[in-house]
2 protein chains.
Amino acid sequence: MDEIEKLNSSTMREDAVAGNGLLNRRALLRGALLSAGIAAAGVGVAKADDSVGTDAPEWMKTPGKPFSAYGTPSHWQDKVQRIFTIAPGRAGTGVSRTPLHLMEGTITPAGLHFERHHNGVPDIDPSRHELFIHGMVKQPLAFSLETLMRYPMESRIHFVECAGNSGIYGAPQPAQVTAGEINGLLSCSEWTGVRLSTLLAEAGVEKEAKWVIAEGADAAAMSRSIPLEKCVDDAMIAFYQNGEAIRPEQGFPMRLLLPGFEGNMNVKWLRRLNVTDMPVDARDETSHYTELMPDGKARQYMFPMGVKSAILKPSFGMTMKGPGLYEISGLAWSGAGRVAKVEVSADGGKSWAAAALTEPIMSKSLTRFRMPWKWDGSPATLLSRATDEKGGGQPTRANWVATYAAGQGYHNNAIQSWSVGADGTVKNVYA
Amino acid sequence: MDEIEKLNSSTMREDAVAGNGLLNRRALLRGALLSAGIAAAGVGVAKADDSVGTDAPEWMKTPGKPFSAYGTPSHWQDKVQRIFTIAPGRAGTGVSRTPLHLMEGTITPAGLHFERHHNGVPDIDPSRHELFIHGMVKQPLAFSLETLMRYPMESRIHFVECAGNSGIYGAPQPAQVTAGEINGLLSCSEWTGVRLSTLLAEAGVEKEAKWVIAEGADAAAMSRSIPLEKCVDDAMIAFYQNGEAIRPEQGFPMRLLLPGFEGNMNVKWLRRLNVTDMPVDARDETSHYTELMPDGKARQYMFPMGVKSAILKPSFGMTMKGPGLYEISGLAWSGAGRVAKVEVSADGGKSWAAAALTEPIMSKSLTRFRMPWKWDGSPATLLSRATDEKGGGQPTRANWVATYAAGQGYHNNAIQSWSVGADGTVKNVYA
């Protein structure tokens, strides 16, 4: 019973790791909580007595609900929905966001995966859908879904992030909106499919080829130019999302997955891959998804998403329940590979401490970070900043804004911040 | 363009790695497919021509469907449902299974997570639900959900497997049912919650304590006795499943998670943890979830689930489309830790080859294995066997059956097998 004795005899203390109450997580996980605030302060923890369990709640007194063929969330969770900018029920072009501030962990259930459609969600008959590979190839090919399913598959956990995610963080004044509204064009799934390189090898790519034009089977025929190097690296034709067939909003029956590249390039409802020697200058790589610079020129083809992090708990819309122990928690990610480090500050950036990262840390995937915080009840400013395995980091917001023309909204990976007021309210600030 | 040249000039061949057509996966992923069968045999692969894309399907000619607040699967997938033994819509005691044979990867979407209820699914008001820790503790405690949410959390991907999973594999004759019907009391999720050891440290466990009696807030008050060692090891009070609040069928608003232990002990709708010095001999650890031995005695408290594997593709209900290249794929797992190795045989167990395992391999989680197979069209028998990092392996079915009394249905982790007929049909056999 060594473990038990260790548990009870723990003498570990709430060690500070940075200014304004950031604590050592390892110490807290075992035994130091009584002194840190939750039970000691009696915040919502009642002392139980011997009558425990004699007053069974009414849901224990009657048989429960039946089995179901395909489960749905609890009705108590009906506010946990995608966040719309246009009214739900409308088709056309637009987005809906993942409510990251109401979620935990790293996986996004498919029902809450963000949406970005250019002319609605097509209803594709999978038995009639074909994928064409043509252009500068030795042998143009047409694949049915059934045939593609016979190729060797891979499963990998990757995020998809819209290039326009967090664009509002470039606005002159900080918008008082939730973390989901700011950062929710970001979701993470286990994707399963066939490596694109396998199919390109079968078609036989010509020596002069440099690009692949991917086209979706939606009513916008959404198209993007993709460097051939990416297509023969980790690109995947994905058929499954979190174990089941990919959802209509994410590309049923198949999508292109380009791990770490801006979401728009991960063409949904994938229909054609045209191998070429130059990009096609499609609508969504000229009128959209370019970066307007201060000199009036626009940068095109900025593909990988930068390293980034966001504190989700606490965040706008939440209210702290008085001084005491809290967990600061959020997500970090990078289009270049693995997250190497996330640092958190509770004093507006004066001091920083490394947060705990949830293992296993996967390349081009979301990583959850956590940091215990003993809030003393006075105003505080919280920030997070991530570094990836390639050494990439996040710019300050001031630096990011100075890099681009006013109103440029793509690839915003600036350091974000929240203020906590003495009354416990949390607001968006530019620290 | 080194990658491109490598892609086209690949001289790798379909190297055999074991008898009856098992191939080297690494070779196949790049370039060797033309000779291996899919495109060369023309199975569903048409040669495209210059008119590609001129005949747009009708779903490209009209705006698609609107955005949605919470997405659902494609209507083309409406047969991908949980598998019932009692009619859906009935409550009470029973199970529904995850349709593993229709799925891919390792994550189970919550809507398809298997169900095991003892008196239906309670509809618990989360704001009124409390978790009590009492018994042999220095300070009995009662927690609201809101209070528990303030403790340091963890996120981990773990499987949950019912102790009765694959019980049908002990039947005298092989049942001609799908792999989901055989093995689908098995699901895998990312769980997020508070380590139980943190809460027990706060309550202060007495020196003589050895067990914790966990009770659910369902109408069966489902209870199990759990060794205290497990409770202070990797046990978790889970609130989130795949990023969102845990689903009603899996314990909303909270469940006990005991990674690797039989599913029944992972008490759902968790309400009480009574710390004691002896087990309680609850209904579900006496009348159920015990192992009847040949001498008429029953073994109790066999907690960890054994190492196990199952081929899901191909499996019963599927028909091979003629000779050529296929991928054999399935899942492996162990209640003792990580899967170390999965071997596949295509010749009834005469020769074996190591399958590719999807990284990262996580402890007490599902691991997907894959093995390319060139089927020559003659009858074949496929088997898989897993080994875990502790050296544990799977018994043959004959050895497993000989260990127990007839009809014993728990903890069946025997090696499973499928036969493939010359007509391409797949059947359950005891190889």
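Residue numbers start from 1 in every chain, and the chains themselves are labelled A, B, ... in the order their sequence lines are given, proteins ahead of strands.
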If you measure only the distance, is there a donor-acceptor pair under 3.5 Å linking the side chains of A:Arg370 and B:Ser155?
->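 Side chains of A:Arg370 and B:Ser155: pair found under 3.5 Å.
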
Check whether the side chains of A:Ser68 and B:Glu249 place a donor and an acceptor atom closer than 3.5 Å, and report yes or no.
-> yes

Does any backbone or side-chain atom of [X] lie under 4.5 Å from a heavy atom of chain A? Answer side chain, backbone, both or neither.
X	value
B:Asn119	both
B:Phe252	side chain
B:Asn274	neither
B:Leu102	backbone
B:Met371	neither

Checking [X] against chain B: side chain, backbone, both or neither under 4.5 Å from a heavy atom?
X	result
A:Gln77	side chain
A:Val95	backbone
A:Tyr240	side chain

Could you have a look at [options] and say which one has the most heavy-atom pairs with chain B under 4.5 angstrom?
options	result
A:Ile107, A:Thr98, A:Thr106	A:Ile107
A:Thr72, A:Thr108, A:Thr62	A:Thr72
A:Pro126, A:Gly111, A:Gly216, A:Gly120	A:Gly111
A:Ser96, A:Gly92, A:Ser329, A:Gly94	A:Gly94
A:Ala217, A:Ser189, A:Ala221	A:Ala217

Of all heavy-atom pairs between A:Arg82 and B:Gly71, which one has the smallest distance, and what is that distance?
->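 Closest approach of A:Arg82 to B:Gly71: NH1-N, 3.6 Å.
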
Are A:Glu146 and B:Lys321 ion-paired here, with the side-chain N under 4.0 Å from a carboxylate O?
-> yes

With sequence neighbours excluded, what pairs up with A:Asp123 under the side-chain hydrogen bond (donor to acceptor under 3.5 Å, both in side chains) test?
->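 For A:Asp123, the residues satisfying side-chain hydrogen bond (donor to acceptor under 3.5 Å, both in side chains) (neighbours in sequence not counted) are B:His75, B:Trp76.
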
Kindly write out the residues that satisfy side-chain hydrogen bond (donor to acceptor under 3.5 Å, both in side chains) with B:Glu58, not counting sequence neighbours, or none if the list is empty.
->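 Expected list: A:Arg128.
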
Any side-chain heavy-atom pair from A:Pro122 and B:Met60 closer than 4.5 angstrom?
->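 A:Pro122 does not reach B:Met60 side chain to side chain.
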
Check whether any side-chain heavy atom of A:Pro57 sits under 4.5 Å from a side-chain heavy atom of B:Arg271, and report yes or no.
->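 Answer yes - side chains close enough.
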
Just checking heavy atoms, which of residues 241-248 of chain B are less than 4.5 Å from chain A?
-> B:Asn242, B:Gly243, B:Glu244, B:Ala245, B:Arg247, B:Pro248

Residues forming a salt bridge (charged side-chain N to carboxylate O under 4.0 Å, His left out) with A:Glu190, sequence neighbours excluded | none

Below 4.5 Å, heavy-atom pairs only: which of [options] has the largest tally toward chain A?
options	value
B:Glu115, B:Gln250, B:Gln81	B:Glu115
B:Ile124, B:Leu112, B:Val80	B:Ile124
B:Leu148, B:Ile157, B:Leu100, B:Asp125	B:Asp125

What distance do B:Lys313 atom NZ and A:Met153 atom CE have between them, rounded to the nearest 0.5 Å?
->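 Those atoms lie 4.0 Å apart.
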
Could you tell me the separation between the NE2 atom of B:His129 and the CH2 atom of A:Trp59, rounded to the nearest 0.5 Å?
->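 The NE2 atom of B:His129 sits 8.0 Å away from the CH2 atom of A:Trp59.
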
Whether B:Phe84 and A:Phe67 hold their rings parallel, tilted or perpendicular, with breakpoints at 30° and 60° =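 Answer is perpendicular, since the angle exceeds 60°.
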
So, B:Arg150 side chain and A:Leu325 main chain: donor-acceptor pair closer than 3.5 Å or not?
-> yes

